[in-house]
J.: 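Dumping the structure here so I can ask a few things about it.
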Amino acid sequence: MYKVLDKSIIGADEMVMNMGPQHPSTHGVLRLKIVTDGEIVSHIEPIIGYLHRCFEKHCENLSYEQIVPFTDRCDYLAAMHMAHGYSIAVEKLLGIEELPERVEYIRVILAEFQRIASHLIAVGVFGLDVGAITPFTWTLRDRERIIDLFESVTGSRLLYNYIWPGGLAHDLPPNFIQKANDFLNYFEPQIEEYNNLLTTNKIFIERSADIGVMPVDVAINYGVSGPTLRGSGVPFDLRKDEPYSIYQKFDFDVPVGEGLMGTVGDCWDRYYVKVLEMKESIKILKQALNSIPEGDVKAAIPKKIRPKKGEIYSRYETARGDLGLYIRSGGKNMPSRLKMRSPAYCNLSVLNEISAGWMISDVISVLGSLDIVLGEIDR
Amino acid sequence: MSIPIPELSVVLFFGICGLIIASALLVVTSPNLVHSAVSLLFTFFGVAAVYIFLYADFIAATQVIIYVGGILVLIIFGVMLTNKIENARIDSKTNNQIPGIVFTLSMLAMQFYIILNTNWKIAESEPRDTTVKEIGNLLLGKYLLPFEVISILLLASLIGAAMLSRRKTER
Amino acid sequence: MTSVVDSLLNLFSFTGLDNSILLILVLHIPALSIFLVMVVNATVAVYVERKVAAFMQDRLGPMEVGLFGFKGGKKFWGGIGQTIADAIKLLTKEDIVPDSADKKLMLLAPFIIFIGAFLTFIAVPFSQNLVVSDFNIGVFYIMAMSSVGVIGIIIAGWSSNNKWSLYGSMRAAAQIVSYEIPIGLSLLLAVLVVGSLNLGDIVQWQAENRWFIFHSPFTFIAFFIFFISVVAETNRTPFDIPEAESELVAGWMTEYSGFKWAIFFLSEYANMMIVSIVASVVFLGGWLSPFAIINVGIPNSWMIFDGPLIGIIWLMSKALFLIFVMMWFRWTFPRLRVDQLMYLCWKVFIPFCLANLFFVSIWELIGGLFFK
Amino acid sequence: MSENFLVKKYKEKVELLENNSILVDASDWKEISTFIFKSRFDYLMCITSYDLEQDNKIGLAYNFYSTKSKEYLEIRIEFEATTKVFSIAEIWRAADWHEREAYDLMGVIFEGHPDMKRILLPDDWDGHPLRKDWKEPEYYNGMPVPKDKTYWE
């Protein structure tokens, strides 16, 4: 047992280490410049941009419809969320108030499935980061079934291009509701299995509880959002606080970190919030699947997207947090400026604050619990 | 296990002696500290082998477990973690060469004189079955006091080492 | 107990060769056999490890890959082609040596580790009389020789000239040197009770009395301390922090590839086998059949299951079960952090071991008075 | 709502735009940003830099949120590209990376930022590509940038 050392004590010779861009647990091409004293890390500087694909520059040269597939490629683990968030922003810009009910239902259903899929990756990879391999393969196995569902709906497995501004690409396949319900019945007990295997494992608790504690004021000051913020005990969820789409119709809770195994806001809390959110998503899905209405999903799709001059800022709750889209329209069919405030970008910037002073292994835990996707950070 | 006939054991003995001497020479001449430390490994192994020739199998195993498994690890650890050891080359320029040679040669002559003039008793030593029991009995019987004194000394150094390494964090 | 070398010398004495020449010739047989055991063990263990992983993790690959089109009903024999592909890959892969590495030491390190494992095998009994050389100080010899490997690990980490490797070797050295203490103290329990360091004597004692794990509550605890410590000593999960792939890439093995890496691999699995055999011999009755666990009320006719030839099956099944448990650990547990590992060793295991040693001495004294 | 208190306090210095955002002069930003933080806007959501495409002017849009009163606030600053803007990275730590990104892609110069350097693009990149007048360079690090892109698609 050790505690965070006073930084002034770390006076011995320090060594600069490069973790990444090629490293097993930097979740992609992230590079961490770590200053270490023995095993203890005194400073971390994340260096990003290895996956920069000029998303914002592309957007200025593409029409609003053409941007949709590009948004998919930002957060490739939650492509539905990005497309959904973008569509909501464009609808807001166009002034489309109401969509056919079926469209909203399908969007919510797919978004919640995507949330489960994304959290499954996050949970499994966090296990992998602390050395447990089996949870990862288990979560991937279950994610595969969600991906199969998506494939039956959209025809693709990772980047869907399904949710369009104003509607959807096409309707659901005939037996989707049945398959979705089958999956939920299969999946609900699986969560308990993850808990038995990983969440309540003594070694796992030792490795994640009380580590990388993020106090509320730090989290808010750094603009942290999503499960990472809720892990610090802030019950802020856009689906609840400012419901977009039709989230106000559904009954669900916003789980927050309670410090069950240690301090509020530690890695374990950030991890466990994701596990609980999967349960909440199942709740939403069950309600939505039971009450999905009939209707035309393409009715509201505008023929030509050419918004008036103006700006909007739209927020959307992705699996990783608060996706902000600032769109400036110059009155053309292409945005004059589109800025994406990606949640993982802000979440990653807090890394040095909460993991300096801990050990190398803990930095990995903290990074895993922040649940970053580099495609979205670098855009 | 007994070595069957003298010829093979003689060959082995001189082979091992050669190994000891060669690796010991490497220890002192190698410009790289880590290379020296690794050469020491072979020296220790050779010495352990010599102990086996003396039917001191327990001592030989002790030699390996303490010197190779413990002290050598410590040495390599220390050398390795010394700052910027990769570039450190030992300055092997020697001072006072002539007095050194004279002194060494005189020591060598003295040893040779003693070796040649000692009346070595050459007798067929009988293969012992096991030495552990006798060592144990002696340590806890006749030599109990020195044994305990040594253990107290080691305990004291252990506590001292712990104290020294603790001080840094409580500054 | 006679050793293999003695038996072989007797067997080949008809050739009329000079004894020392004969010895040199004969020594090749056990040496090659040990090497073969190591190679076969590594190959089989990799296959088994893959299968265990596949069953526990719902992996698909190890269930499918066949050999020459043979899939063997997919479930059990599926995946056997992967092992062979693995071996060919390892032997034919390019041997990459970093430009600024210490090339001599980098070459030396795998062989030090290999020799450590190889020398240990000399004293490891596979059954009654089936030991290359029967040392009187068997237990002590095995401990001594298994401590040689750590130097190879340190050198491997240092000579690669990679910071991750250096971290790995630092951790490995600290871990292995520390965990030797609880291992030694647990083995000392058996030595104390039996009064001999000879592995044959220890098994003989168990044949006359009972399996050592059931001898007293303290030896029961000692077995688990021993087993957990050897898992740490062989760098297996949850104690695989020297090669923690999510932190240190691959630790001290990061810069190794091809054949040198295969030697590390071979030695790792050989070490697993050694410690499992030692655990079986010292605590689980060695080559004795499990019918005589506590040596009461067994019909004499059942004793046909004992003996040198059947003993090897008993011993290997015990050892393989322990190896399986190690694999089970690996696919179940997360990894400890380096300071938690040290905490476990110095503040939990060693005090328990010392207490065990004390209480077992008392147990022996009282047992000597009452149950004689 | 949330805009009014700012307009009340800084009547002369701010200008209320049509979608309830507030235009602030770059020279007043230091004072106003401190005031905004001290009132209730503790959460900086986003900093967007944009090119106005006239008079070599660029703009910044700050989107604030108050976690206590659930209010939004959008501040805009529009200025000459060479003007130095006060950095709010020490007040909202979230601004750190957003400002670096604005510098990297749009070339906004922030004053008082703790670690002003490129974040997404490589350190040896030339120019700020989100400017509308940004031209693709002929050479990058001595390598010619291909002109014919027929086969790229």
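As the structure is a computational prediction, the values presented were derived from the model and not from experiment. Order of the sequence lines fixes the chain letters, A, B, ..., with proteins taken first and strands second; residue numbering starts at 1 for each chain.
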J.: Would you give the length of the straight line joining atom CD1 of C/Ile115 to atom CZ of B/Phe45, rounded to the nearest 0.5 angstrom?
T.: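 Going from the CD1 atom of C/Ile115 to the CZ atom of B/Phe45 covers 8.0 Å.
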J.: Indicate the atoms forming the closest heavy-atom contact of B/Val68 with C/Ile151, along with that distance.
T.: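 In this case the closest contact between B/Val68 and C/Ile151 is O-CD1, 3.3 Å.
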J.: With rounding to the nearest 0.5 angstrom, report the CD1 to CG distance, C/Ile112 to B/Leu41.
T.: 5.0 Å
J.: Can you establish whether the number of heavy atoms outside C/Lys103 located under 6.0 Å from its atom NZ is more than 12?
T.: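 Check passes, neighbour count above 12.
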J.: Which atoms of C/Ile154 are under 4.5 Å from chain B, going by heavy atoms: the side chain, the backbone, both sets, or neither?
T.: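 Both parts, backbone and side chain.
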J.: With a 4.5 Å limit on heavy-atom distance, are the side chains of B/His35 and C/Asp102 in contact?
T.: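 Side chain of B/His35 against side chain of C/Asp102, heavy atoms only: contact under 4.5 Å found.
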J.: Rounded at 0.5 Å granularity, tell me how far CD1 in C/Ile137 sits from CD1 in B/Ile59.
T.: 9.5 Å
J.: Quick one: closest heavy-atom pair of C/Ala144 and B/Ala61, and the distance?
T.: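 Distance-wise, the nearest heavy atoms are CB-O, 3.6 Å.
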J.: Yes or no on side-chain contact (heavy atoms from CB on, under 4.5 Å) for C/Phe140 and B/Thr62, after CA distance, side-chain angles and deciding distance?
T.: CA-CA 8 Å; C/Phe140 197 55; B/Thr62 316; 3.4 Å; yes
J.: Within the supplied structure, the quantity of interest is the number of heavy atoms (other residues, nucleotides, ligands) at a distance under 6.0 Å from B/Ile98 CD1; does it exceed 12?
T.: no
J.: In terms of heavy-atom proximity below 4.5 Å to chain B, should C/Ile176 be classed as side chain, backbone, both, or neither?
T.: neither
J.: State whether the number of non-hydrogen atoms from other residues, nucleotides or ligands found under 6.0 Å of B/Tyr67 atom OH is greater than 12.
T.: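 It does not: B/Tyr67 OH has 12 such atoms or fewer within range.
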J.: Side chain, backbone, both or neither: which part of C/Ile142 has a heavy atom under 4.5 Å from chain B?
T.: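 C/Ile142 has no heavy atom closer than 4.5 Å to chain B.
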J.: What's the spacing between B/Ile65 CD1 and C/Met145 CE if we round to 0.5 Å?
T.: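 It is 10.0 Å, given to the nearest 0.5 Å.
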